[in-house]
Amino acid sequence: MRYMKTVVAAVLIVTAVFFLVLVLAQVYTGYDFSAAYAMLGGFGGGELALSAIIKYGENKQEHKYGKDDKDE
């Protein structure tokens with residue numbers, strides 16, 4: 001659980017770079033990349049949902065067993 005912030009940040013950086021590549025490809029080629037934009041949005045939404053599920057489980061475990069002092 002301690003690497004969740006790093007994973008989320010890495011996914012958001014990759015998503016931003018991919019979005020920039022899509023925009024540049026659309027500007028220079030003139031093709032329509034609507035499906036790629038939809039896929040990018042779905043991927044981002046899925047990643048956020050997964051992060052929320054992980055955080056919910058973490059909070060539930062913390063509430064059930066108390067805060068672990070060695071994680072700080």
Side-chain angles (χ1 to χ4, degrees):
M1 297 290 171
R2 65 191 219 184
Y3 297 111
M4 190 172 79
K5 288 181 184 177
T6 306
V7 170
V8 170
V11 169
L12 291 176
I13 289 169
V14 168
T15 303
V17 169
F18 185 64
F19 181 73
L20 181 63
V21 169
L22 278 177
V23 168
L24 291 175
Q26 188 168 356
V27 167
Y28 288 121
T29 63
Y31 295 129
D32 185 20
F33 291 104
S34 297
Y37 290 125
M39 185 269 316
L40 185 64
F43 181 72
E47 185 267 334
L48 290 174
L50 181 62
S51 297
I53 290 169
I54 290 171
K55 190 64 176 175
Y56 174 76
E58 185 180 287
N59 288 341
K60 186 176 178 182
Q61 184 178 6
E62 182 180 309
H63 179 69
K64 186 175 182 180
Y65 297 111
K67 186 157 180 79
D68 195 10
D69 291 334
K70 65 181 177 182
D71 286 341
E72 292 181 348

OH/Tyr37 to CG/Asp32 distance, rounded to the nearest 0.5 angstrom?
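The CG atom of Asp32 is 8.0 Å from OH of Tyr37, to the nearest 0.5 Å.
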If every non-hydrogen atom of Phe18 is compared with every non-hydrogen atom of Met39, which pair is closest and at what distance?
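In this case the closest contact between Phe18 and Met39 is CE2-CE, 3.6 Å.
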What are the two closest heavy atoms between Phe43 and Val11, and how far apart are they?
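In terms of heavy atoms, the two residues are closest at CE2-CG1, 3.9 Å.
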Check Leu22, Val17, Leu24 against Leu20 for a side chain to side chain contact (heavy atoms under 4.5 Å, CB included) and give me the one that passes.
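Of the listed options, the one satisfying the test is Leu24.
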Assigning hydrophobic clusters by single linkage (Ile, Leu, Val, Met, Phe, Trp, Tyr; side-chain heavy-atom cutoff under 4.5 Å), is Val21 placed with Val23?
no
According to a hydrophobic-cluster definition based on side-chain heavy atoms being under 4.5 Å apart (Ile, Leu, Val, Met, Phe, Trp, Tyr only), do Phe33 and Tyr28 belong together?
no
Side chains of Lys55 and Ser51, heavy atoms from C-beta outward: is any pair under 4.5 Å?
no
